[in-house]
Amino acid sequence: MSAILHRYDNGEMLAEALADAVGARLGAAVNSRGGASIAVSGGSTPKAFFQALSKRKLDWAKVSVTLVDERFVPPESDRSNHGLVAANLLKNWAVEARFVPLYHNSSSAEEAAAKASAATADINAPFDVVVLGMGTDGHTASFFPGGTRLEEALDPATPRGVITMEADGAGETRLTLTFSSLQDAGYLVLHIEGDAKKEVLARAEMPGEEAEMPIRAVLRRAASPLQVYWAP
Ligand SMILES: O=C1O[C@H](COP(=O)(O)O)[C@@H](O)[C@H](O)[C@H]1O
């Protein structure tokens with residue numbers, strides 16, 4: 001079990017601090033390797049962080065940005081993580097970044113996942129930065145309790161790439177990077193806000209099945225300690 005807690009007085013302070021940490025990681029990767037990569041989450045939590053990160057001055061043209069997970073909906077949908085990232089991150093200095101979407105206009109989510117796997121395989125592995133979110137049901141990425149392909153998604157033997165997921169709490173069919181794609185990130189972050197999610201995390205840190213609270217897979221089996229950014 002491995003997590004490092006970074007706590008802030010409010011979401012705005014958290015967003016700025018996380019943008020500093022992530023911007024520094026991406027800048028260092030650009031300087032040392034000539035390129036950098038980040039996979040980000042959607043949902044309601046990361047908006048302020050995205051806006052802060054977009055203002056960090058670095059050579060964004062050399063940065064690949066993708067999503068940890070996505071709904072099988074087009075970017076115009078207000079449920080689209082692509083849409084959220086386009087509106088809040090891919091602007092200011094970050095407008096130059098190369099965005100690799102998971103959603104593809106395909107006849108099935110399976111076909112879109114295959115296309116997304118091929119597209120994300122173009123990004124150098126491992127990711128320099130992964131920013132995860134978490135739901136109050138203990139899901140992270142689209143690793144939902146009761147998800148149709150949860151076991152496969154969490155299996156370390158499942159290759160890097162994108163698979164589909166359906167679950168009661170998920171709404172639309174999901175597209176999600178697999179655990180093996182995420183667990184070895186150079187900087188692996190969990191961004192959560194509010195007391196309810198802090199309590200969920202405390203429960204996840206207790207003994208229990210990964211399938212009940214899939215965030216446990218990351219807490220227990222990621223290659224590096226999970227950097228938990230939290231504010232009330
Ligand atoms: O379904 C999702 O939810 C989680 C958490 O979202 P939030 O609205 O509670 O911040 C998110 O990490 C994930 O990317 C998203 O698809």
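Note: hydrogens, waters and symmetry copies are ignored here, and every other heavy atom, side chains too, is used. Just follow the structure's listing: the first ligand is 1, and inside any ligand the first atom is 1.
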In this structure, atom 11 (C) of ligand 1 is nearest to the protein heavy atom Gly42 O, 3.7 Å
I'd like a table of donor-acceptor pairs (distance under 3.5 Å, sequence neighbours excluded) in which one partner is a side-chain atom from residues 83-97, with atom names and distances.
unit_1: Asn88; atom_1: OD1; unit_2: Gln51; atom_2: NE2; d: 2.7
unit_1: Asn88; atom_1: ND2; unit_2: Leu84; atom_2: O; d: 2.9
unit_1: Asn92; atom_1: ND2; unit_2: Ser54; atom_2: OG; d: 2.8

Atoms of ligand 1 under 4.0 Å from any heavy atom of Thr45, numbered from 1 in the order shown, are 7 (P), 10 (O)
At under 4.0 Å between heavy atoms, what of Asn81 touches ligand 1? The answer is side chain
Quick note on ligand 1: atoms under 4.0 Å from a heavy atom of Ser44 include exactly 7 (P), 8 (O), 10 (O)
Nearest non-hydrogen protein atom to atom 6 (O) of ligand 1, with distance, is Gly43 CA, 3.7 Å
Whether the Arg149 and Thr164 side chains hold a donor-acceptor pair (N or O, under 3.5 Å, no angle test) is what I'd like checked. yes
request  = Decide whether the shortest distance between a heavy atom of Asp69 and an atom of ligand 1 is less than 4.0 Å.
outcome  = yes
>> Measuring from non-hydrogen atoms of Lys197 to any atom of ligand 1, is the shortest distance under 4.0 Å?
In response: yes
- request: Please assess Asp69 against Ser142 for the test side-chain hydrogen bond (donor to acceptor under 3.5 Å, both in side chains), listing each intermediate value before the final yes or no.
  value: CA-CA 6 Å; Asp69 69 325; Ser142 284; 2.7 Å; yes
One finds that the ligand 1 atoms under 4.0 Å from a non-hydrogen atom of Arg71 are 1 (O)
Between Met213 and the options Glu205, Arg203, Met206, His139, the side chain to side chain contact (heavy atoms under 4.5 Å, CB included) test singles out Arg203
Closest to atom 12 (O) of ligand 1 among protein heavy atoms sits Gly133 CA, 3.2 Å
(Q) With no hydrogens and no angle check, just 3.5 Å: does a side-chain donor-acceptor pair link Gln227 and His6? (A) yes
Of all protein heavy atoms, the one nearest atom 3 (O) of ligand 1 is His139 NE2, 3.2 Å
Polar contact flag, side-chain donor to acceptor under 3.5 angstrom, Thr158-Glu152: no
Step through it carefully: locate the ring centre of Phe179, locate the ring centre of Phe143, and say whether they are under 6.0 Å apart. no
